[in-house]
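To start, the structure under review is shown below, and the notes come after it.
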Amino acid sequence: MAIKDLARQELMHPGAGSCPGCVDLLSLRMTLKALGEKTVLVIPASCTASIECSYPKTPFQVPVLTMAFAASGAAASGVAAALKRLGDDDVNVVVWAGDGGTYDIGLQAMSGAMERGTNFIFICYNNEIYSNTGIQRSGATPFGAWTTTTWTGKSEQRKDMLGIVMAHRLPYIASASPSYIEDLYRKVQKAASIKGPKYLEFHTPCAPGWRFPMEQTVEMGRLAVECGAWPLLEAVNGKVEFNLRSKQILDGKYERKPIEEYLKAQGRFAHLFRPERDEKALAEIERWLDAEWEHYRQLASCGVAAA
Ligand SMILES: Cc1ncc(C[n+]2csc(CCOP(=O)(O)OP(=O)(O)O)c2C)c(N)n1
Ligand code: SF4
């Protein structure tokens, strides 16, 4: 698939009130292209919710249910049940939540909806912070990153959300990046073609939150994949496959770029490179990354149990 093959129909108007160059909205625009107009969005409190409901205007051309921060999974179950009752089985019910609304406060409602077998797609756009409320840490924030609640760098590693979701034995799970937009688009379409609960996670660099020039956003997402900080994978009925650069890394056909290249490009990691830095922090990032790739290698060879 090439860019020219993506749907022409726009279901998100220009002029949305996001920061310029925000790839949260780019990813959502592409998701709506992939899904088409028979789609209902459930959006919990987040940057997207602020953008979506700037009354009396909205950029969206599909119905949107704005939801309390913790409740999007439960709301999606309700919407899916109502559509089923109406006989509208061909409507895509999609949760569009930030990492705060997924990894943290939205986790129990999402898990419940997955356990109930709700026919929906839960999409987490992961900008690794609570960006809407001023760059606080989340369970997705990487070790060492500055946020307004981790002034000297976060002292915990990020949560293994893909692992948590895999434990729900879903028919389809994928991670993607808007820097590889055709891959993201394909994964959205694939999720829509499968019945039951599906989970997608998009890695969406946030220029103001990560402290880098906004015109570098797409490049930053690509660097995350090339340095191994973000894997591209999909799991169909528990069988895990890595995609594009991530597959090449596992196959030994592409050498991971040094992680320093990615970290140095972002102001949130600047303290790791100052003369008075804590040498152990950088070593911990490298140790963790190596362990992650060892884990990915095992996942690729044996996968997880199917539903
Ligand atoms: C129960 C509750 N606690 C706190 C808030 C305030 N709040 C609104 S959006 C938000 C952060 C959302 O973070 P995330 O889900 O990562 O989305 P992003 O802002 O990054 O788009 C918070 C803390 C809220 N709306 N409801
Ligand atoms: S703060 Fe980040 S996620 Fe929120 S609108 Fe701006 S670029 Fe997008």
Side-chain angles (χ1 to χ4, degrees), residues 12-32 41-54 57-60 64-76 94-111 122-142 145-150 154 156 158-159 161 164-165 175-179 181 184 199-221 224 230 265-268:
M12 228 183 84
H13 282 318
S18 66
C19 306
C22 171
V23 289
D24 155 19
L25 284 204
L26 173 68
S27 306
L28 181 49
R29 181 173 152 232
M30 292 301 148
T31 295
L32 290 175
L41 292 174
V42 178
I43 305 181
S46 58
C47 272
T48 320
S50 315
I51 292 155
E52 152 251 312
C53 59
S54 31
K57 297 179 184 164
T58 177
F60 297 112
V64 180
L65 180 60
T66 308
M67 196 31 62
F69 203 11
S72 50
V94 176
V95 171
W96 185 266
D99 44 294
T102 307
Y103 283 58
D104 300 335
I105 193 166
L107 186 59
Q108 57 80 17
M110 176 185 78
S111 175
F122 193 109
I123 303 182
C124 170
Y125 67 95
N126 178 3
N127 55 27
E128 303 182 342
I129 38 168
Y130 290 24
S131 55
N132 183 51
T133 40
I135 319 172
Q136 293 88 16
R137 93 194 262 293
S138 80
T141 305
W146 166 91
T147 67
T148 52
T149 47
T150 55
K154 190 184 170 197
E156 301 83 23
R158 73 180 181 214
K159 206 181 267 189
M161 182 52 62
I164 290 170
V165 175
S175 64
S177 160
S179 301
I181 207 74
L184 180 150
Y199 179 81
L200 302 177
E201 184 166 337
F202 303 156
H203 190 237
T204 52
C206 167
W210 297 14
R211 304 284 194 249
F212 64 82
M214 61 183 65
E215 66 274 15
Q216 289 172 15
T217 307
V218 171
E219 212 172 285
M220 198 60 65
W230 184 250
Q266 301 167 49
R268 63 177 174 157

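All residue numbers in this chain count up from 1 along the given sequence. Both counts, for ligands and for their atoms, begin at 1 and track the order of listing.
Ligand 1 places these atoms under 4.0 Å from at least one heavy atom of I129: 16 (O), 20 (O). For ligand 2, the atoms lying closer than 4.0 Å to a non-hydrogen atom of C22 are 3 (S), 5 (S), 7 (S), 8 (Fe). Taking every heavy atom of S131 and a limit of under 4.0 angstrom, the matching atoms of ligand 2 come to 1 (S), 3 (S), 4 (Fe).
Closest to atom 17 (O) of ligand 1 by heavy atom, among G100, S46, A140, is S46.
Exactly one of T204, I123, L41 qualifies for a side chain to side chain contact (heavy atoms under 4.5 Å, CB included) with L28. That residue is L41.
Nearest protein heavy-atom contact of atom 3 (S) of ligand 2 is N127 ND2, 3.5 Å. Of all protein heavy atoms, the one lying nearest to atom 6 (Fe) of ligand 2 is C19 SG, 2.3 Å. Annotation: atom 9 (S) of ligand 1 to nearest protein heavy atom, N132 ND2, 3.4 Å. The nearest heavy-atom contact from the protein to atom 18 (P) of ligand 1 is S131 OG, 3.3 Å. Nearest protein heavy-atom neighbour of atom 15 (O) of ligand 1: G101 N, 2.9 Å. Protein heavy atom in closest approach to atom 25 (N) of ligand 1: A45 CB, 3.5 Å. From the protein, the heavy atom lying nearest to atom 12 (C) of ligand 1 is F69 CZ, 3.4 Å.
Remark: ligand 1 and Y125 share an N or O pair separated by less than 3.5 Å (distance only, no angle test). An N or O contact shorter than 3.5 Å is missing between T133 and ligand 1 by distance. In terms of polar-atom proximity, Y130 is not counted as a contact of ligand 1, lacking any N or O under 3.5 Å from an N or O of the ligand. Checking only distances, I105 never comes within under 3.5 Å of ligand 1, N or O to N or O.
Smallest separation of non-hydrogen atoms from G221 and S179: CA-OG, 3.2 Å. When all heavy atoms of A207 and T217 are compared, the closest pair comes out as CB-OG1, 4.3 Å. Closest heavy-atom contact between E128 and D99: N-OD1, 3.3 Å.
A 4.5 Å side-chain heavy-atom check between W96 and S72 finds every atom pair outside the cut-off.
D24 does not count as a contact of ligand 1, since none of its heavy atoms falls under 4.0 Å from the ligand.
Note on C47: not counted as a metal contact of atom 8 (Fe) of ligand 2, no N/O/S atom lying under 2.8 Å. For atom 2 (Fe) of ligand 2, the N/O/S atoms of C206 include one lying under 2.8 Å.
With a heavy-atom cut-off of 4.0 Å, D99 touches ligand 1 through backbone and side chain alike.
Rounded to the nearest 0.5 Å, atoms CD1 (I43) and CE (M67) are 11.0 Å apart.
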